[in-house]
Number of protein chains: 2
Amino acid sequence: MTFNKDESAGYLANHLARLFARELQARIKPLGLSTGTFPALLVLWEGDGLTQRELIEHLDIEQPTMANTLTRMERDGLIQRRKDPADGRVQRIWLTDQARALEGPATAAAEAVNADALAGLEYEERVAFQATMRRIIATLQAPVGDRGIPARRRAESA
Amino acid sequence: MTFNKDESAGYLANHLARLFARELQARIKPLGLSTGTFPALLVLWEGDGLTQRELIEHLDIEQPTMANTLTRMERDGLIQRRKDPADGRVQRIWLTDQARALEGPATAAAEAVNADALAGLEYEERVAFQATMRRIIATLQAPVGDRGIPARRRAESA
DNA sequence: TAACATTGCATATCAAGCTATGCAAGTGGT
DNA sequence: ACCACTTGCATAGCTTGATATGCAATGTTA
């Protein structure tokens, strides 16, 4: 049996993510936003003043990737980095007014991408799809030894 | 209602793809392979001598991305580019013996990643998940005006 | 308190994706 | 035969992801 990419979950996930990114990029570029900054903004719109570490824990992104993204966001006038008065190592991230003003149009664009992508799916299929994605994400985030063990049972044996 | 990333199909797809890529990278790095070259190899193992254009049609990758990937693959001894005798514009892509020898271990690694990721899912859930991914991919590949229209009906009205 | 370990972030460097652009080789129409 | 168009690929330059590494600030411990 040869390996068939069109039946490989990993290949399909990669392809799907690229298509979503293309679509989102087309819709938020007019706002002056790009796909990489978007997840950080989603977290910061819920409440800013976070540290870089707090951001990466929310987003499961490596630290240097986030540092890089924040540098671009600062350059583009979306955030400011200000030193934490209590801990000299920490830089807290604050949104600019410009970034705050983009929350409405930007989240509307993202909603539109999702609606577009999922058009043609029944409600039950959408719910099941997202639930499955979350389960696989949880599996891949678990340490290798714990794979395939439901989170409940994992918690019990801790 | 605020936008919630953990209920956004696009965000979940991006996160999922990153986790798959991390996992695959860990497993094929020992073979001297990387995630970007993998899809091209999958196509070429089925039969080489393809043009760059044929490759990008198989993989839905932009042409300069593929040109770049092929340059790295040539550098790493995985492929050779040879001029097509009949058409001076065309470079045909041929696998090296080294690349041919990697088919077994590399596809085994990819199978292992998929098995790992999908462990904990029932058979029906896996099938449904992959079917849904393929449907969303088809939707996002369709021209904007045709979104939400089943492929069957789209074909009829052509 | 001096030495060591940890934490938070930055920098360097690479891969993998994209858009914009250029150019040489082929094709077609007159 | 010539001009215009198309096709195939390369290059430049950017974003978004990763690893490896360094360093300063803070914590911890003998």
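Within every chain, numbering begins at 1; the chains are lettered A, B, ... in the order of the sequence lines, protein sequences first and strands thereafter.
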Self-check item: Sugar-phosphate, base or nothing in reach of B:Thr71, heavy atoms under 4.0 Å
Solution: nothing
Quiz item: Does the side chain of B:Thr65 get closer than 4.0 angstrom to OP1 or OP2 of C:dC18 through an N or O atom?
Solution: yes
Quiz prompt | side-chain N/O B:Arg81 vs D:dG8 OP1/OP2, d < 4.0 Å | solution = no
Quiz item: Rounded to the Å, how far apart are A:Met66 CE and C:dT11 C1'?
Solution: 17 Å
Quiz item: Would you say A:Arg75 reaches D:dC14's phosphate, i.e. side-chain N/O to OP1/OP2 under 4.0 Å?
Solution: no
Quiz item: Atom CD of B:Glu57 to atom P of D:dT7: distance rounded to whole Å?
Solution: 11 Å
Practice problem: Show your working on side chain to side chain contact (heavy atoms under 4.5 Å, CB included) between A:Asp48 and A:Arg92 and close with a plain yes or no. | Solution: CA-CA 8 Å; A:Asp48 54 355; A:Arg92 295 198 173 269; over 6 Å; no
Exercise. Report which part of the nucleic acid A:Thr69 touches: base, sugar-phosphate, or nothing (heavy-atom distance under 4.0 Å, all strands).
Key: nothing
Self-check item: Touch class at under 4.0 angstrom, heavy-atom based, for B:Thr35 against every strand present
Solution: sugar-phosphate
Quiz item: Reckon A:Gln52 has a side-chain N or O less than 4.0 Å from the OP1 or OP2 of C:dA10?
Solution: yes
Practice problem: Examine D:dG17: is either OP1 or OP2 under 4.0 Å from a nitrogen or oxygen in the side chain of B:Asn14? Give yes or no. | Solution: yes
Quiz item: Is there a donor on the side chain of B:Gln25 or the base of D:dA18 sitting less than 3.5 Å from an acceptor on the other?
Solution: no
Practice problem: Write down the distance between CZ (A:Arg53) and P (C:dT7), rounded to a whole number of angstrom. | Solution: 8 Å
Quiz item: D:dT15 P sits how many Å from A:Leu33 CG, rounded?
Solution: 13 Å
Exercise. Please state whether the phosphate of C:dA15, meaning OP1 or OP2, lies under 4.0 angstrom from any side-chain nitrogen or oxygen of B:Ser34.
Key: no
